[in-house]
Amino acid sequence: MRELLRTNDPTLIAFASALLQGEDIDCFQMDVHMSVLEGSIGVLPRRLMVHQRDLFRARAVMVDHEIPVTEDR
């Protein structure tokens, strides 16, 4: 799995997930339950992960909708 998106905005994660599901690209949200540790103030970002084989298409979908993606490191 590769990181596609990292954000503190839960609505952006939901929107991106819906876009990817509409394109038949499987995705997985990580760090969703970290709010228990931080006290629900939204400091820790959530990550949206996709399979390596879907990364190029997933990035294209995000760029088409002007959603910033995580760059490769």
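Nothing fancy with the numbering, it's 1 onward along the sequence.
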**Q** Got a second to check how far E23's CD is from D54's CG, nearest 0.5 Å?
**A**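 Reported value, rounded in 0.5 Å steps: 11.0 Å.
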**Q** With a 4.5 Å limit on heavy-atom distance, are the side chains of I67 and L5 in contact?
**A**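 In short, these two side chains touch, coming nearer than 4.5 Å.
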**Q** Among residues two or more places apart or on two chains, list those pairs meeting side chain to side chain donor-acceptor pair (under 3.5 Å) that have a residue in residues 55-65.
**A**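 As it turns out, the side chain to side chain donor-acceptor pair (under 3.5 Å) pairs with a partner in residues 55-65, which skip direct neighbours, are R59-D72.
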**Q** Go through the structure and list residues passing side-chain hydrogen bond (donor to acceptor under 3.5 Å, both in side chains) with D9, not counting sequence neighbours.
**A**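 Expected list: T11.
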**Q** Would you say the side chain of P45 lies within less than 4.5 Å of the side chain of T7, judging by non-hydrogen atoms?
**A**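 Contact flag for T7/P45 side chains = no.
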**Q** Are I13 and V69 grouped together when hydrophobic residues (ILVMFWY) are joined by side-chain heavy atoms under 4.5 angstrom apart?
**A**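 I13 and V69: one cluster.
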**Q** Check whether any side-chain heavy atom of M49 lies under 4.5 Å from a side-chain heavy atom of R2, and answer yes or no.
**A**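 Counting from C-beta outward, M49 and R2 never come under 4.5 Å.
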**Q** According to a hydrophobic-cluster definition based on side-chain heavy atoms being under 4.5 Å apart (Ile, Leu, Val, Met, Phe, Trp, Tyr only), do L44 and L48 belong together?
**A**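 No, L44 does not connect to L48 through the hydrophobic network.
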**Q** Between L4 and L20, is there a side-chain heavy-atom distance shorter than 4.5 Å?
**A**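 Counting from C-beta outward, L20 and L4 do come under 4.5 Å.
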**Q** Is there a side-chain contact between L19 and M62 (heavy atoms, below 4.5 Å)?
**A**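 L19 reaches M62 side chain to side chain.
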**Q** Please determine whether residues M1 and V61 belong to a single hydrophobic cluster, defined as Ile, Leu, Val, Met, Phe, Trp and Tyr linked transitively by side-chain heavy-atom distances below 4.5 Å.
**A**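 No, because M1 and V61 fall into different hydrophobic clusters, even though each may have its own neighbours under 4.5 Å.
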